[in-house]
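In what follows, every heavy atom counts, from backbone to side chain, and hydrogens, waters and symmetry copies are set aside. Positions are given from 1 along the sequence. Every number for a ligand or one of its atoms is a count from 1 in the order of the listing.
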Amino acid sequence: HNPHWSYSGEEGPDHWGDLSPDYATCKTGKNQSPINLMADDAVGTTSLPGFDVHYRDTVLKVINNGHTLQANVPLGSYIKIKNQRYELLQYHFHTPSEHQLNGFNYPMELHLVHRDGRGHYLVIGILFREGKENDALQTILNHLPKKVGKQEIFNGIEFNPNVFFPESKKFFKYSGSLTTPPCTEGVYWMVFKQPIEASAEQLEKMNELMGANARPVQDLEARSLLKSWS
Ligand code: SG7
Ligand code: ZN
């Protein structure tokens, strides 16, 4: 059983590394996430490998695990990068955003968590800004689990998270970590530059459901931040 952690107070992000030896990387790691994505400082390269999204329409399975609102995805949805297949496991939300773009947080961030056959994680981050109502997000808001900690399956609701990808495929790439304990490193992060939109009411509702669940930005340290354009 893992020690309890939270987003404020004695069990908050500043203390994660001290709550358990298992969480030491949260404090000592030099490749932590999230980070501030400074577009001007990022290394521009058009030679980053492309990615192909192969997500399926699947039944909606939603859980509020106490830290985030999460949808668990049945096997068969994946991203392909250079012949490497990263299976989509789940996606979840943070309010406000965990990554900053040019020094600013956004009201929300979506994380699509993938894993390859060797156990390496690839997380895709998509930022939300306030704007027009987001139909896909509304589908999720219309199907919320009634209890914390229990997954609810909404049979008959076919959902494909590929609708969340922004129009522009420009993205940042860097090597980071899980943004929650145990803060494991070696996570391949791709964060899209273009935010997508959700209405003020939707963002407010998500914030109400999850509370503030964003880890503060971490130092870049010796890493380089790449961008897929120049
Ligand atoms: C959320 O973020 C959950 C975790 C996730 C963690 O707390 O979605 O997922 C679980 C417990 O199923 O951890 C290993 C993992 O996916 C960290 O993910 S994140 O770095 O993308 N924020
Ligand atoms: Zn996350």
Side-chain angles (χ1 to χ4, degrees), residues 1-8 11-13 16-17 19-20 22-23 25-27 29-37 58 60-75 77-79 86-101 105-128 137 140 144-145 148-153 161 164-165 171-192 195-196 203 206-207 209-218 223:
H1 181 71
N2 295 323
H4 194 260
W5 55 270
S6 72
Y7 286 99
S8 62
E11 297 176 335
W16 288 352
L19 296 174
S20 157
D22 294 347
Y23 299 170
T25 310
C26 300
K27 186 165 71 175
K30 296 277 182 264
N31 300 282
Q32 291 290 290
S33 293
I35 60 168
N36 176 13
L37 305 164
T58 55
L60 195 57
K61 301 194 226 176
V62 192
I63 180 168
N64 178 350
N65 68 15
H67 296 301
T68 186
L69 187 70
Q70 180 173 313
N72 292 322
V73 179
L75 287 184
S77 289
Y78 62 94
I79 293 268
Y86 293 89
E87 192 74 30
L88 178 64
L89 305 177
Q90 51 105 334
Y91 49 95
H92 62 268
F93 299 87
H94 298 265
T95 50
S97 70
E98 296 210 293
H99 287 91
Q100 290 180 339
L101 180 55
N105 283 89
Y106 280 73
M108 187 162 79
E109 182 170 341
L110 165 67
H111 288 159
L112 297 140
V113 181
H114 308 72
R115 199 170 51 194
D116 72 6
R118 297 173 301 172
H120 298 146
Y121 283 101
L122 159 71
V123 186
I124 294 182
I126 296 172
L127 301 165
F128 282 75
L137 180 61
I140 294 175
L144 293 173
V148 172
K150 196 168 172 292
Q151 171 175 277
E152 276 196 46
I153 301 180
F164 287 122
F165 284 85
F171 63 91
F172 294 94
K173 173 191 187 288
Y174 75 98
S175 176
S177 72
L178 299 177
T179 65
T180 64
C183 307
T184 313
E185 296 188 337
V187 175
Y188 178 169
W189 275 94
M190 272 175 68
V191 184
F192 282 92
I196 61 170
L203 294 166
M206 290 297 284
N207 187 242
L209 283 166
M210 304 190 295
N213 65 348
R215 186 190 196 190
V217 290
Q218 307 291 304
R223 290 173 287 180

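Looking at ligand 1, you'll find an N or O of Gln90 within less than 3.5 Å of one of its N or O atoms. Between His92 and ligand 1, an N or O atom pair is found at a separation short of 3.5 Å. Remark: ligand 1 and Gln70 share an N or O pair separated by less than 3.5 Å (distance only, no angle test).
At least one donor-acceptor pair closer than 3.5 Å links the side chain of Glu98 to the backbone N or O of Arg215. Counting only distance, with no hydrogens or angles, the side chain of Ser177 and the backbone of Glu185 share no donor-acceptor pair below 3.5 Å.
Every atom of ligand 1 with a heavy atom of His94 under 4.0 Å away is listed here by number and element: 22 (N). Every atom of ligand 1 with a heavy atom of Thr68 under 4.0 Å away is listed here by number and element: 1 (C), 3 (C), 8 (O). Taking a cut-off of under 4.0 Å to the non-hydrogen atoms of Val113, the atoms of ligand 1 that pass are 16 (O), 21 (O).
Considering only non-hydrogen protein atoms, atom 6 (C) of ligand 1 sits nearest to Thr180 OG1, 3.3 Å. The single protein non-hydrogen atom nearest to atom 20 (O) of ligand 1 is Thr179 N, 2.9 Å, given as residue, atom name and distance. Residue, atom and distance of the protein heavy atom nearest to atom 11 (C) of ligand 1 are Asn65 ND2, 4.4 Å.
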Carefully, step by step, assess His67 and Thr180 under the rule side-chain contact (heavy atoms from CB on, under 4.5 Å).
CA-CA 9 Å; His67 296 301; Thr180 64; 5.9 Å; no
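When the options Tyr121, Trp5, Tyr91 are ranked by their closest heavy atom to atom 14 (C) of ligand 1, first place goes to Tyr121.
Partner of His111 under the ring-ring contact (aromatic ring centres under 6.0 Å, His included) criterion, out of Trp189, Tyr121, Phe164: Trp189 alone.
Aromatic rings of Tyr7 and His94 (six-membered ring for Trp) have centroids beyond the 6.0 Å cut-off, not under it.
Residue contacts with ligand 1 do not include Arg215, since none of its heavy atoms lies under 4.0 Å from the ligand.
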